[in-house]
Number of protein chains: 2
Amino acid sequence: MKSKYTTIIDIARQLNISKSTVSRALTGHPNVKEPTRKAVLELASSMEYQRNSLALGFSKHTTNTIGIMVPEFMSTYFPSVIVGVQDVMQAAGYNVVICQQNESYESEVSNMKLLLSYRVDGIIVSHTKETRNFDHFTLAQRRGVPLVFFNRVPDDMNVPNVVVNDYEAAFQAVEHLIAIGRKRIAHLAGPESLVNTRLRRQGYLDALKKHDIPYNPDLVLSYDLTTEKVKIYMKHFLDLATPPDALFAINDPTAIAAMEVVKAKGLRIPEDIAIVGFSNDFSAQLVYPGLTTVAQPTADIGRTAAEMLLQELKAKVKNDYTIKKAPTIQLPTKLIVRESTVSPSKLRNK
Amino acid sequence: MKSKYTTIIDIARQLNISKSTVSRALTGHPNVKEPTRKAVLELASSMEYQRNSLALGFSKHTTNTIGIMVPEFMSTYFPSVIVGVQDVMQAAGYNVVICQQNESYESEVSNMKLLLSYRVDGIIVSHTKETRNFDHFTLAQRRGVPLVFFNRVPDDMNVPNVVVNDYEAAFQAVEHLIAIGRKRIAHLAGPESLVNTRLRRQGYLDALKKHDIPYNPDLVLSYDLTTEKVKIYMKHFLDLATPPDALFAINDPTAIAAMEVVKAKGLRIPEDIAIVGFSNDFSAQLVYPGLTTVAQPTADIGRTAAEMLLQELKAKVKNDYTIKKAPTIQLPTKLIVRESTVSPSKLRNK
DNA sequence: CAAAAAATTGGAACCGTTCCCATCAAAAAA
DNA sequence: TTTTTTGATGGGAACGGTTCCAATTTTTTG
């Protein structure tokens, strides 16, 4: 089967020179006479020569391509991290291939194998909520493919990663709720499998403790990040004998789904119940009332992760993280106060 | 340089058989004795053999991978189309590589070349708002790589595509505004380069004509889809001697940005100005008031495009669309009426 | 102007896999 | 038992590029 793509051999034949020379001319090797180079370049362009990355990667053992794996991309968080990654990587001459897992562990494993089978040079990852087994990640490491994690980092793996201080950010968010006079603060936490869940919950607990508010286990529920469950759990909170006067939600979609339940029940936000989310998703400013939330520097997270990966890639001797401590970078967050915790009139006076 | 990946030659050497036999065992060729196959499979799994897709694609001239190119993915529209595409393609045993253009023509060209250099078997595309030159698309076709377009389809190219009836949907949306008694209906249109812009505007014009509302050129502006411009143009509309009492926006982000301008000016939605968007982005239900909009079956669009591409891929003889008419599939839209056009009390009575 | 040095080019190996063809062994048929 | 058919395996070319080394040409130098 003859392919329709032009090859360097086609060019070589037409010019009656060897393919080595054509290759040299095309890659900008210095040892090519000017007229030869010109002839090759002209013919290549007129024949619309398109180099075969498969052949190239195959023969050079490096593809100049990296992969990025995200658990989902319906919120704006991951897309905007990806934009940051592409930014840095394209400037560095790398191609970026995006894989999306739909929060499925199975997809994650198969996408990882896909990326490895395409011999990507490195991978930036945030794992799914289902991921409890990390063998597919260590496999990549054993193959010499550097990994950089962000946001969701496996906590028993020593890998380079970019995160925010989830603990501190949660602590501040809860302190904000306390500052506006709330005492019965509920927390809708995420799945146990995510570090973020544990850190943010600890921040919540410690903020309560600092302000001498006793911890009430009835007000903390972990859930699987599905919209249906939010509705059930939120209804449960509101039906308690003494319902909460505030909610700290693991993320913005959770907070927004919770707001709907509150509104459907005819309660007022923030008067009856104040709500705080996490990540400052684009939708946080759109909902009514505007959602108070912890902003993450998403594009920066992407850029930083990309730079970290570039470090790994250009290290002549691969860093061995079974011996050496892997680098972590923590980026700052910022509490964005909106109407879901402070009524509009007060906000304006600020 | 020795790669850390196991190859079929490593396996062959260890078992003292030829690489042909190993290859046959791994690909499930029938002519392999059972004990041999078993030995190969076991060793492959214990050595964590991972086939080299570069070598495979290189030798077979087919990669079992398709690309999808989208102009942006910060709204939910394109991500959810992608999910539909992945759905069908994964079931059919194909890998999907996602490329995101950031609405940049330059990125589009370079991503197209990237996909071609990786010899993908086919590509699903929605072009950027900047794209006016389609050479990179015809290049793919000349290389025998089938294309399927969706949403944004170059109108002077004969290519398979999946769309909605933009004209009809716009017509209905505007009729809805007329039905609720609006007479001065403004239209914020998109860039001239997109078919959607032209079709939706035509729908707008024809709806006015049908209901004997004279066309007022002052009330129609085309713009480049940037948030800053919406603000300027919307302010301009509101500052007219007789400002519009309704707005039909090219898409939901436009409508939502326009709503902010209206609210900032202290006007009421829908009483002073009713607003309709397009696509039913996830945020349309979140904004306050809820945005009336035209829902598109996004996941279905993705699934349909994927199925169309599969048709192209399995055609033994490639369809030549320089001769033959390319198929088009039009999927249904649905007008979703929310509070931005009908006040809550009336909505409830319906 | 011949010899040495430098620049340019060609040839061949290599990368990992598939696949066609040849070979050989085993099983079936004569 | 011999021949034919079938099944299992090995050998090697092909895919498109890079790269090292050798060969050739050109330039420089003594």
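Every chain is numbered from 1 and lettered A, B, ... according to where its sequence line falls, protein lines coming before strand lines. Side chains included, hydrogens not; waters and symmetry mates left out as well; all remaining heavy atoms used.
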OP1 or OP2 of [N] versus the side-chain N and O atoms of [X]: is any pair under 4.0 Å?
X: A/Ser59; N: C/dC15; result: no
X: B/Thr7; N: C/dG16; result: no
X: B/Tyr5; N: C/dT17; result: no

In the structure I gave you, are the side-chain heavy atoms of [X] and [Y] within less than 4.5 Å of one another anywhere?
X: B/Leu194; Y: B/His127; answer: yes
X: A/Lys4; Y: B/Arg142; answer: no
X: A/Ile98; Y: B/Phe73; answer: yes

Which nucleotide in the set [options] lies at the smallest distance from any side-chain heavy atom of [X]?
X: B/Thr21; options: C/dG10, D/dG10, D/dG17; result: D/dG10
X: B/Lys33; options: D/dT9, C/dC19, C/dG16; result: D/dT9
X: A/His61; options: D/dT9, C/dC15, D/dG17; result: C/dC15
X: B/Ser23; options: C/dT17, D/dG16, C/dT18; result: C/dT18

Base, sugar-phosphate, or nothing for A/Leu54, non-hydrogen atoms under 4.0 angstrom?
-> nothing
For A/Asn52, report the nucleic acid contact type (base, sugar-phosphate, nothing); a contact means any heavy atom under 4.0 Å.
-> sugar-phosphate
Decide yes or no, distance alone: a donor-acceptor N/O pair under 3.5 angstrom between the base of [N] and the side-chain of [X].
X: B/Lys19; N: C/dT17; value: yes
X: A/Ser20; N: C/dG11; value: yes
X: A/Arg24; N: C/dG10; value: yes

If we call it a pair only when both distances are under 3.5 Å in a Watson-Crick or G-U wobble match, what pairs with D/dG30?
-> C/dC1
Considering every strand shown, what is the Watson-Crick or G-U wobble mate of D/dG11 when both distances are under 3.5 Å?
->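 Looking at the geometry, D/dG11 pairs with C/dC20.
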Using whole Å, report how far [atom1] of [X] lies from [atom2] of [N].
X: A/Leu15; N: C/dG10; atom1: CG; atom2: C1'; value: 15 Å
X: B/Ile17; N: D/dG11; atom1: CD1; atom2: P; value: 12 Å
X: B/Arg51; N: C/dT17; atom1: CZ; atom2: P; value: 10 Å
X: B/Ile8; N: C/dC15; atom1: CD1; atom2: P; value: 13 Å

Closest nucleotide of DNA chain D for B/Thr36 versus for B/Arg119: which of these residues is on the 5' side?
-> B/Thr36
Between B/Tyr49 and B/Tyr5, is a ring pair (Phe, Tyr, Trp, His ring centres under 6.0 Å) present by the stated rule, with each step listed?
-> CA-CA 7 Å; B/Tyr49 169 76; B/Tyr5 288 89; 9.7 Å; no
Does B/Tyr105 have B/Arg132 sitting over its ring (NZ/CZ under 6.0 Å from centre, angle to axis within 45°)?
-> no
